[in-house]
Undergrad: 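I have a structure here, written as structure tokens, and I will follow up with some questions on it.
These values consider heavy atoms only, across backbone and side chains, with no hydrogens, waters or symmetry-generated copies. Every number for a ligand or one of its atoms is a count from 1 in the order of the listing. Quick caveat, the model's predicted, so the values are computed rather than measured.
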Amino acid sequence: MAHKIILDTDPGIDDAMAIFFAFQSKDIEVLGLTTVFGNVPADMAAKNALILCDLAEQHHVPVTKGVARPWVGPESEYAHFVHGDDGFGNTYPEASKRALDPRSSAQFIVDMARAHPGEITLVAVGPLGNLALALRLEPELPKLIKGVSIMGGAAFVPGNVTPVAEANIWNDAHAADIVFSADWDVHMFGLDVTYDISFPPTFVDVLEEKNPVLGGFVQKAAQFYMDFYSQGREDRVCFFHDAFPIAHLIDPSLFGFTEGHMRVATDPLNKGQTALAPEGSTASPDWLNARKVKVATQVDHPKLTELFIDTYAR
Ligand code: BDR
Ligand code: CA
């Protein structure tokens, strides 16, 4: 049976690549796209998700608008320097005429969890404010959800916003702390695996060849994104962070994990740090009382690449 997922997202170029990957997979059933501020402001994230549904002809998939700012502190600065002014590498696709689902992203998550108890995996590939708010709206949410798969964090490698913090977690560290502390089964796909190996420019050329509409969109949008990632390097490279948790649902054998107690730092200097104490590594109650999560630390990159390409080719 296909995995029922809600994809919580801030599109975003690698978000677009991940959303199409999920739509294309026969093993994934997307119940909705819940959007959140992050790479772009909340309004743009919601409108961009509608555009992606139009391109993929997924007109029945509800799209909701989510939280527009972090749990604590001022409005964020957005990542237009990575994703372009439009979030799609300045390709400016046509706006959607479809309306958003009127519910907030958090309310949608709660409603769907109540309607499908124990069946839904929340796949979160942006800052975690919607999930934190859903936990506030329905404290029993962890009992209603099958699992949570997060693209975010950096357990044993440096961050990409600060030396210790990855962007999704840094953008809303207090919300992330709430989400990582809740009583549910969390798999984290952070920079430990998503930055492990880069994709060459030919990768998106192949996606376009296999799927001219969806792969073609990713190929065009990714040119700006590759400019950003290739700065200061000899080679031209790309990273598709957000597709990793979806790949894991489709083929768990692609990843290896380290299990341990996770803390999310919220102090100004370390904000967004996701530090892991592997099982048996500490006697400190501050760590042993923290919830256990599974952090992806190994990935079979050739097989992952093959899965992306095969799925786009369907
Ligand atoms: C994460 O931050 C965003 O820029 C990407 O969409 C991805 O979710 C990578 O750090
Ligand atoms: Ca994202």
Undergrad: Apart from Leu269 itself, what residues make up its hydrophobic cluster when side-chain heavy atoms of I, L, V, M, F, W and Y under 4.5 Å apart count as a link, directly or indirectly?
TA: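 Answer for Leu269: none, a lone residue.
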Undergrad: Between Phe224 and His83, is the ring centroid distance below 6.0 Å?
TA: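 Not close enough - the centres of the two rings lie 6.0 Å or further apart.
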Undergrad: Hey, is ligand 1 close enough to His241 that some N/O pair sits below 3.5 Å?
TA: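 For ligand 1, there is no N or O atom that lies under 3.5 Å from one belonging to His241.
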Undergrad: Could you tell me the residue and atom name of the protein heavy atom closest to atom 2 (O) of ligand 1, and the distance to it rounded to 0.1 Å?
TA: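 Result for atom 2 (O) of ligand 1: Asn168 OD1, 3.5 Å.
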Undergrad: Identify the protein heavy atom lying closest to atom 3 (C) of ligand 1, giving its residue, its atom name and the separation to 0.1 Å.
TA: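 It is Asn39 OD1, 3.0 Å.
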Undergrad: Any side-chain heavy atom of Thr274 within less than 4.5 Å of one from Met188?
TA: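 Heavy-atom side-chain distance check passes, below 4.5 Å.
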Undergrad: Taking all heavy atoms of His60 and all of Arg98, pick out the closest pair and write down the distance.
TA: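 Where His60 meets Arg98 most closely, the heavy atoms are C-NH1, 4.5 Å.
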Undergrad: Considering only heavy atoms, does Thr194 approach ligand 1 within less than 4.0 Å through its side chain, its backbone, both, or neither?
TA: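 For Thr194, no heavy atom sits under 4.0 Å from ligand 1.
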Undergrad: How are the rings of Phe199 and Phe308 set to each other: parallel, tilted or perpendicular (split at 30° and 60°)?
TA: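 The rings of Phe199 and Phe308 sit tilted, inter-plane angle from 30° to 60°.
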Undergrad: Filter on side-chain hydrogen bond (donor to acceptor under 3.5 Å, both in side chains), then keep only pairs touching residues 302-314, sequence neighbours left out; what's left?
TA: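 Not a single pair qualifies under side-chain hydrogen bond (donor to acceptor under 3.5 Å, both in side chains).
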Undergrad: For atom 8 (O) of ligand 1, grab the closest protein heavy atom and report residue, atom and distance to one decimal in Å.
TA: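 For atom 8 (O) of ligand 1, the nearest protein heavy atom comes out as Asp242 OD1, 2.6 Å.
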Undergrad: With heavy atoms under 4.0 Å as the rule, classify the contact between Val125 and ligand 1 as side chain, backbone, both or neither.
TA: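 Val125 to ligand 1: backbone contact only, side chain stays beyond 4.0 Å.
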Undergrad: Give me the nearest non-hydrogen protein atom to atom 9 (C) of ligand 1 as residue plus atom name, then the distance to 0.1 Å.
TA: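 Here the nearest protein heavy atom works out to Glu166 OE2, 3.2 Å.
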Undergrad: Mind checking what makes side-chain hydrogen bond (donor to acceptor under 3.5 Å, both in side chains) contact with Thr297, not counting sequence neighbours?
TA: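 If we apply the side-chain hydrogen bond (donor to acceptor under 3.5 Å, both in side chains) test to Thr297, skipping adjacent residues, the hits are Thr258.
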Undergrad: Quick one: do Lys146 and Glu119 make a salt bridge, cutoff under 4.0 Å?
TA: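 Between Glu119 and Lys146 there is no salt bridge, as every charged N stays at least 4.0 Å from the carboxylate O atoms.
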Undergrad: Of the backbone atoms (N, CA, C, O) and the side-chain heavy atoms from C-beta on, which set of Val82 has a member under 4.0 Å from an atom of ligand 1: side chain, backbone, both, or neither?
TA: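 Within the 4.0 Å criterion, Val82 makes no contact with ligand 1.
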Undergrad: Please report whether ligand 1 has a polar contact with Leu191, defined as an N or O pair separated by less than 3.5 Å (distance criterion only).
TA: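 No; every N/O pair is 3.5 Å or more apart.
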Undergrad: Ile109 and Ile6: which non-hydrogen atoms are nearest, and at how many Å?
TA: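 Of all heavy-atom pairs spanning Ile109 and Ile6, the closest is CA-CD1, 4.1 Å.
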Undergrad: Less than 3.5 Å between some nitrogen or oxygen of Asp10 and one of ligand 1, yes or no?
TA: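 There is no such contact.
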Undergrad: Would you confirm whether the ring centroid of Phe257 sits within less than 6.0 angstrom of the ring centroid of Phe189?
TA: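 So the answer is yes for these two rings.
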Undergrad: Can you name the atoms of ligand 1, numbered from 1 with element, that are less than 4.0 Å from a heavy atom of Asp15?
TA: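 Ligand 1 atoms under the 4.0 Å threshold to Asp15: 6 (O).
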Undergrad: Using a strict cut-off of 4.0 Å, indicate which atoms of ligand 1 neighbour a heavy atom of Met151.
TA: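 So the answer, numbered in order with elements, is 1 (C), 7 (C), 8 (O), 9 (C).
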Undergrad: Is the distance between the ring centroids of Phe21 and Phe240 less than 6.0 Å?
TA: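 Between Phe240 and Phe21, which both carry aromatic rings, the centre distance is not below 6.0 Å.
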Undergrad: Give a yes/no on ligand 1: does Asp14 have at least one heavy atom closer than 4.0 angstrom to it?
TA: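 A heavy atom of Asp14 does come that close to ligand 1.
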Undergrad: From Thr9 OG1 over to Asn130 CG, what is the distance, rounded to the nearest 0.5 angstrom?
TA: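 So the OG1 of Thr9 and the CG of Asn130 are separated by 10.5 Å.
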Undergrad: Closer than 3.0 Å to the Ca ion (ligand 2), which protein N, O or S atoms?
TA: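 Within the sphere that stays under 3.0 Å of the Ca ion (ligand 2), the protein atoms of type N, O or S are Asp10 OD1, Asp15 OD1, Asp15 OD2, Val125 O, Asp242 OD2.
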